2 protein chains.
Amino acid sequence: MAYTSEFPFVYLTADVVAFSIQDDALCTLVVKRRDAPHRGRWAFPGGFVGETEDVEKAARRELREETGVDARGLRLEQVGVYTAPRRDPRHRTVSVAFLAVLPADVALRAGDDAADAQWSPVDELLEPRRLAFDHGTILSDAVDRLRRDLERSGRATEFLGDEFTVAQLRRVYEVVWNRPLDPGNFQRKVTGVPGLLEDSGYQTAGGRGRPATLYKAGPATEIWPPLSRERDR
Amino acid sequence: MAYTSEFPFVYLTADVVAFSIQDDALCTLVVKRRDAPHRGRWAFPGGFVGETEDVEKAARRELREETGVDARGLRLEQVGVYTAPRRDPRHRTVSVAFLAVLPADVALRAGDDAADAQWSPVDELLEPRRLAFDHGTILSDAVDRLRRDLERSGRATEFLGDEFTVAQLRRVYEVVWNRPLDPGNFQRKVTGVPGLLEDSGYQTAGGRGRPATLYKAGPATEIWPPLSRERDR
DNA sequence: GCAAAAGTGTTAGTAATACACCCATGC
DNA sequence: GCATGGGTGTATTACTAACACTTTTGC
């Protein structure tokens with residue numbers, strides 16, 4: 001027994017909701033729980049924060065340990081904190097949830113703490129009781145945040161590799177927002193934001209149709225005016 | 001010594017950033033700290049969350065205990081969680097920050113835990129070292145959130161009483177955004193959002209100029225298209 | 001009447017939308 | 001040639017922004 005306290009305390013954990021697009025579906029990285037509670041169910045990679053460890057750093061560490069994804073240089077964004085008194089039946093545990101975006105081709109490797117790690121479609125995970133603890137709520141909040149982010153930020157490029165076409169970027173938006181976008185208007189919009197996309201000088205080759213310009217993500221982080229996803233609901 | 005743990009733990013606190021407009025300035029409710037650390041400096045009302053207590057409930061309780069503000073029915077919104085290992089020098093403490101909006105005329109009463117409670121202008125509190133702990137960062141985040149909220153939500157009415165004029169509502173926006181708005185365009189915009197404002201049937205009397213219609217907040221919670229504050233920076 | 005504040009009209013510019021159309025490639 | 005997807009042109013509609021103008025009060 002190593003720690004004592006005069007006051008009630010809580011455990012602090014960090015969880016990572018890592019998105020990517022697999023087979024044209026928005027997916028998140030989940031690991032199968034090996035131990036009780038919720039043994040055998042899926043959960044987001046995450047775990048206890050070290051005594052003097054930064055929460056964001058703990059999130060990166062857990063992501064690497066449980067899934068093999070190297071999170072150095074990955075942008076983590078705080079989604080929220082989950083604090084319900086009985087959300088973990090063992091002891092009160094407060095979880096800080098982070099959102100991350102990964103390209104489709106990252107390599108996975110299940111770690112020691114997890115029986116398995118895999119990409120699962122968000123649609124399936126949002127069905128009742130698919131996820132352990134309150135991770136369904138966390139996922140729902142994270143998806144909302146991601147959808148909003150894409151309106152004003154250039155984050156969508158993080159779903160893609162270093163070089164990509166406008167059509168690939170549009171596909172990201174269509175999958176995340178679950179609605180079709182007009183190819184022509186999208187093209188004009190994103191190429192018109194100063195600093196958002198940089199022409200790599202290369203083009204696609206070998207596909208059907210006219211070759212497309214390959215772009216790199218530019219220095220701009222904000223899209224103004226924002227892309228609209230709601231106007232015509 | 002009441003509590004023991006095998007693992008490192010943290011204390012959980014809830015803090016409330018309560019905004020109101022006093023003398024045409026955006027203010028937040030702060031209390032003077034009676035004890036170390038940061039004795040004598042200003043901090044947001046807040047404190048430890050009870051063992052089985054909901055965090056949001058703790059926030060309401062602390063607001064009432066430390067400032068005398070009755071927080072029943074008040075809308076609290078999570079701003080974020082603050083977790084830096086040394087943010088409290090005594091022991092690692094994780095704070096969940098909430099944002100609230102109050103009308104200008106709420107009654108204050110300093111509570112047991114605080115030597116004093118008062119409204120202070122945000123501009124002053126944002127100066128270096130005015131606030132205890134990392135409350136300067138919390139305030140900065142809360143102000144950003146508030147400014148964004150006003151773009152799309154009808155929250156601005158919470159700064160006012162039950163009945164108010166369009167000019168008073170516009171003044172709220174001008175103070176929070178710190179920029180002038182065109183009276184005519186603002187009028188058209190807010191009265192044009194279905195369900196945002198409801199005509200109370202009354203008018204102002206006794207002031208200079210033409211009497212204004214008194215409105216009540218309507219059921220609409222979303223302003224679409226949003227009010228724009230950035231287009232012409 | 002005059003000042004002041006509420007509220008409306010008008011116009012120009014900007015952006016979103018829909019969709020026609022041309023371009024460049026594989027086959 | 002034809003199909004396919006990349007990319008541009010263009011008309012319509014919607015909204016913003018600027019500001020002139022009318023309305024209704026106190027003095």
Side-chain angles (χ1 to χ4, degrees), chain A residues 24 150-152 157 160 163-175 177 179-194 196-216 220 222-233, chain B residues 24 150-152 160 163-175 177-194 196-216 220 222-233:
Chain A
D24 255 17
L150 292 207
E151 292 180 37
R152 287 164 175 256
T157 58
L160 303 167
E163 296 184 344
F164 50 85
T165 67
V166 170
Q168 289 172 324
L169 186 62
R170 172 167 49 84
R171 197 73 202 115
V172 169
Y173 276 89
E174 290 181 330
V175 166
W177 287 351
R179 83 181 192 95
L181 296 173
D182 182 280
N185 294 335
F186 184 85
Q187 176 97 19
R188 232 191 320 264
K189 175 84 191 186
V190 296
T191 55
V193 177
L196 185 66
L197 300 181
E198 280 178 0
D199 192 326
S200 72
Y202 296 97
Q203 293 206 318
T204 54
R208 277 167 304 189
R210 174 175 164 178
T213 305
L214 282 165
Y215 291 92
K216 296 181 294 185
E222 201 180 0
I223 297 175
W224 191 264
L227 283 150
S228 168
R229 75 175 211 263
E230 302 187 87
R231 195 150 308 208
D232 53 353
R233 273 185 311 184
Chain B
D24 256 16
L150 292 207
E151 292 179 37
R152 286 164 175 255
L160 302 167
E163 295 184 344
F164 51 86
T165 66
V166 170
Q168 289 173 324
L169 186 63
R170 173 166 48 84
R171 196 76 202 113
V172 169
Y173 276 89
E174 291 181 331
V175 167
W177 287 351
N178 194 31
R179 82 181 195 95
L181 296 173
D182 182 280
N185 293 335
F186 185 84
Q187 176 97 18
R188 233 192 320 265
K189 176 85 189 185
V190 295
T191 55
V193 177
L196 185 65
L197 300 181
E198 280 178 2
D199 192 328
S200 72
Y202 296 96
Q203 293 206 319
T204 53
R208 276 168 306 189
R210 173 174 166 180
T213 305
L214 282 165
Y215 290 92
K216 297 181 294 184
E222 201 180 1
I223 297 175
W224 190 264
L227 282 151
S228 168
R229 76 177 212 264
E230 301 187 88
R231 194 150 310 207
D232 53 353
R233 271 186 311 185

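Side-chain atoms are counted along with the backbone in the values below, which use heavy atoms only and exclude waters and symmetry mates. Since the model is a prediction, treat every value here as computed from it, not as a measurement. Labels below follow one simple rule: chain letters A, B, ... track the order of the sequence lines, proteins then strands, and each chain is numbered from 1.
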Chemist: From the options dG7(C), dT25(C), dC15(D), select the nucleotide whose nearest atom is closest to the side chain of Arg210(B).
Modeler: dG7(C)
Chemist: Rounded at 0.5 Å granularity, tell me how far CG in Leu227(A) sits from CH2 in Trp177(A).
Modeler: 5.0 Å
Chemist: Who are the side-chain hydrogen bond (donor to acceptor under 3.5 Å, both in side chains) partners of Arg171(A), not counting sequence neighbours?
Modeler: Asp24(A), Glu174(A)
Chemist: Could you give the CH2-to-C1' distance, from Trp224(B) to dA16(C), as a whole number of Å?
Modeler: 11 Å
Chemist: Within the side chain of Tyr173(B), is there an N or O that forms a donor-acceptor pair under 3.5 Å with the backbone of Leu150(B)?
Modeler: yes
Chemist: Using a heavy-atom cut-off of under 4.0 Å over every strand shown, decide if Ala167(B) touches base, sugar-phosphate, or nothing.
Modeler: sugar-phosphate
Chemist: Identify which nucleotide among dA18(D), dT8(D), dA24(C) has an atom closest to any side-chain atom of Asn185(B), counting heavy atoms from C-beta outward.
Modeler: dA18(D)
Chemist: In this structure, how many angstroms lie between the C1' atom of dT24(D) and the CD atom of Gln203(B), rounded?
Modeler: 9 Å
Chemist: Classify the side chain of Arg188(A) and the base of dG9(D) as holding, or not holding, a donor-acceptor pair under 3.5 Å.
Modeler: yes
Chemist: For dG7(C), take OP1 and OP2 only and decide whether either is under 4.0 Å from a side-chain N or O of Gln187(B).
Modeler: yes
Chemist: Please tell me which of Gly209(A) and Val166(A) maps to the more 5' nucleotide of DNA chain D, matching each residue to the nucleotide holding its nearest heavy atom.
Modeler: Gly209(A)
Chemist: Picking from dA18(C), dT25(D), dA16(C), which would you name as closest to the side chain of Pro225(A)?
Modeler: dA16(C)
Chemist: Rounded to the nearest Å, what distance is computed from the CZ atom of residue Arg179(A) to the C1' atom of nucleotide dA18(C)?
Modeler: 13 Å
Chemist: Do the charged groups of Lys189(A) and Glu151(A) touch, with an N to O distance under 4.0 Å?
Modeler: no
Chemist: So what does Thr213(A) touch, heavy atoms closer than 4.0 Å: a base, only the sugar-phosphate, or nothing?
Modeler: sugar-phosphate
Chemist: Tell me if the side-chain of Arg208(A) makes a donor-acceptor pair with the base of dT25(C), cut-off 3.5 Å, by modelled atom types.
Modeler: no
Chemist: OP1 or OP2 of dA15(C) less than 4.0 angstrom from a side-chain nitrogen or oxygen of Lys189(A), does that happen here?
Modeler: no
